[in-house]
Amino acid sequence: MADSTFKKIQIQRDDTTFDAYVVGKDDAPGIVVIQEWWGVDFEIKNHAIKISQLEPGFKALIPDLYRGKVGLDTAEAQHLMDGLDWPGAIKDIRASVNWLKSNGSKKVGVTGMCMGGALAIASSVLVPEVDAVVGFYGTPSSELADPAQAKAPIQAHFGELDNFVGFSDVTAAKNLEEKLKASGVAHEVHIYPGNGHAFLNRSPEGVSRRKSMGLSDEDKAAVELAWSRFTSWMKQYLA
């Protein structure tokens, strides 16, 4: 997918500036789209473009949490994620939400996949300006955020066969659901039978990368269902 559809911007927070990529209608509701552990690569850009085109139209913004670095294999991606300043990433997300709010979006949601899913859920707890969250296959560590303290409505999606124990496996999903019940916010937790981690990644490159990680499930219906649930959640809380 061509990058030309993205506008690259700089966002300032505290004493640091970071790049972000924006796509979609100017005055549409905003959605901050948070990268997987790979960084800002083709797949997260594909997702942002898709989000911008969903009805009724959204303005998607990807903050570059790794400051330009991208992991080309799982070892590099793991290294980048291990080196991430998570509280700093939350500050980047908050600055991104506020940038959208001061640039035409009345309401702003946060979504993310894998590492980004964990950060999206944490943003419901830690970023008061967030209006809705959809997280895919990721949960925050208890040191970062306790979902029982969530403030914004959360929808979360997990694959039944996900084997990232404690992060995005079924047990992590069930624990998240218990915490969200305690929080009192509107929430949905969906588990997709027969699907593994990162099941939304359906581009040719993404599929071959998943296969190299031993993730060969291909369930178009689950992907469509997840996106339709995403759309109705964001429409409900951001429109």
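Listed here is the closest heavy atom pair of I191 and A173: CD1-CB, 4.1 Å. Across all their heavy atoms, A145 and P147 have their closest contact at O-CD, 3.4 Å. Nearest approach of P63 to A20, heavy atoms of both residues: CA-CB, 4.1 Å. The two atoms that bring G166 and T139 nearest to each other are O-OG1, 3.6 Å, heavy atoms only. Here the closest non-hydrogen pair linking S124 and A150 is OG-CB, 3.3 Å. Across every non-hydrogen atom of G159 and V170, the tightest pair is O-CG2, 4.4 Å.
Placement of I51 and I49 within a single hydrophobic cluster is found when ILVMFWY residues are connected by side-chain heavy-atom separations under 4.5 Å, directly or transitively. If you chain together hydrophobic residues whose side chains sit under 4.5 Å apart, I34 and F42 never meet in one group. A continuous path of ILVMFWY side-chain contacts below 4.5 Å connects L126 to L84, so both sit in one hydrophobic cluster. Linking Ile, Leu, Val, Met, Phe, Trp and Tyr whenever their side-chain heavy atoms come within less than 4.5 Å puts V134 and L225 in one cluster. A continuous path of hydrophobic side-chain contacts links L144 to V130 [ILVMFWY only; heavy atoms under 4.5 Å].
Summarising the geometry, atom NE2 belonging to H190 is positioned 9.5 Å from atom CZ belonging to F136; distances are rounded to the nearest 0.5 Å. How far CG of L200 is from CD1 of I44: 9.5 Å, rounded to the nearest 0.5 Å. Rounding to the nearest 0.5 Å gives a distance of 11.0 Å between CG of L238 and CH2 of W233. Distance CG/D26 to OG/S105: 8.5 Å, rounded to 0.5 Å. With rounding to the nearest 0.5 angstrom, the CD atom of E224 is 9.5 Å from the CG atom of D219. Distance CG/L65 to CD/Q35: 4.0 Å, rounded to 0.5 Å.
Within 6.0 Å of NZ in K91 there are 12 or fewer heavy atoms belonging to other residues, nucleotides or ligands. Around the NE2 atom of H79, the shell of radius 6.0 Å holds no more than 12 heavy atoms that belong to other residues, nucleotides or ligands.
In this structure the side chain of D146 never reaches within 4.5 angstrom of the side chain of V125, judged on heavy atoms. The closest side-chain heavy-atom distance from T74 to W38 is below 4.5 Å. Looking only at side-chain heavy atoms (C-beta outward), M115 and W86 come within less than 4.5 Å of each other. Side chains of L119 and I90 form a contact here, defined as non-hydrogen atoms less than 4.5 Å apart. Between V127 and V110 there is no side-chain heavy-atom pair separated by less than 4.5 Å. Using a 4.5 Å cut-off on side-chain heavy atoms (C-beta onward), Q10 and D19 make contact. At a threshold of 4.5 Å between non-hydrogen side-chain atoms, the residues R209 and D41 count as touching.
When each of R94, K107, K106, K151 is tested with E129 by the rule salt bridge (Lys or Arg N to Asp or Glu O under 4.0 Å), just one qualifies, namely R94.
No salt bridge links R67 with D85; every basic N to acidic carboxylate O contact stays at or beyond 4.0 Å. Under 4.0 Å is where a charged nitrogen must lie from a carboxylate oxygen, and between K101 and D131 at least one such pair does.
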Requested in this report: Show the numbers, then the answer: is there a side chain to side chain contact (heavy atoms under 4.5 Å, CB included) between N103 and K59?
Outcome: CA-CA 10 Å; N103 286 273; K59 184 174 178 178; 4.0 Å; yes
Requested in this report: Output, in order, the C-alpha distance, side-chain angles, deciding distance and verdict of side chain to side chain contact (heavy atoms under 4.5 Å, CB included) for E36 and N201.
Outcome: CA-CA 11 Å; E36 297 177 288; N201 293 352; 3.1 Å; yes
Query raised in the report: Checking salt bridge (charged side-chain N to carboxylate O under 4.0 Å, His left out) for the pair D64/K8: CA distance, chi angles, key distance, verdict?
Result: CA-CA 10 Å; D64 186 352; K8 186 175 173 184; over 6 Å; no
Report task. Evaluate the criterion side chain to side chain contact (heavy atoms under 4.5 Å, CB included) for residue pair L61 and V108; output intermediate values, then yes/no. Result -> CA-CA 10 Å; L61 182 156; V108 176; over 6 Å; no
Query raised in the report: Given the rule in the side chain to side chain contact (heavy atoms under 4.5 Å, CB included) test, do Y66 and V40 qualify, once you have shown the distances and angles that lead to the verdict?
Result: CA-CA 8 Å; Y66 286 169; V40 179; over 6 Å; no
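When atom types are taken as modelled, the side chain of R13 and the backbone of G88 share a donor-acceptor pair closer than 3.5 angstrom. R202 contributes no side-chain N or O that, together with a main-chain N or O of K220, makes up a donor-acceptor pair within less than 3.5 Å. Side chain of Q12 to main chain of T17: no donor-acceptor pair is present (N/O by atom type, distance under 3.5 Å, no hydrogens or angles).
Looking only at atom types and distance, the side chain of N46 has a donor-acceptor partner in the side chain of E43 under 3.5 Å away.
Here the two rings, on Y137 and F199, have centers that are under 6.0 Å apart. For H157 and W227, the gap between ring centers reaches or exceeds 6.0 Å.
Ring pair W37/F164 is perpendicular by interplanar angle, where above 60° counts as perpendicular and below 30° as parallel.
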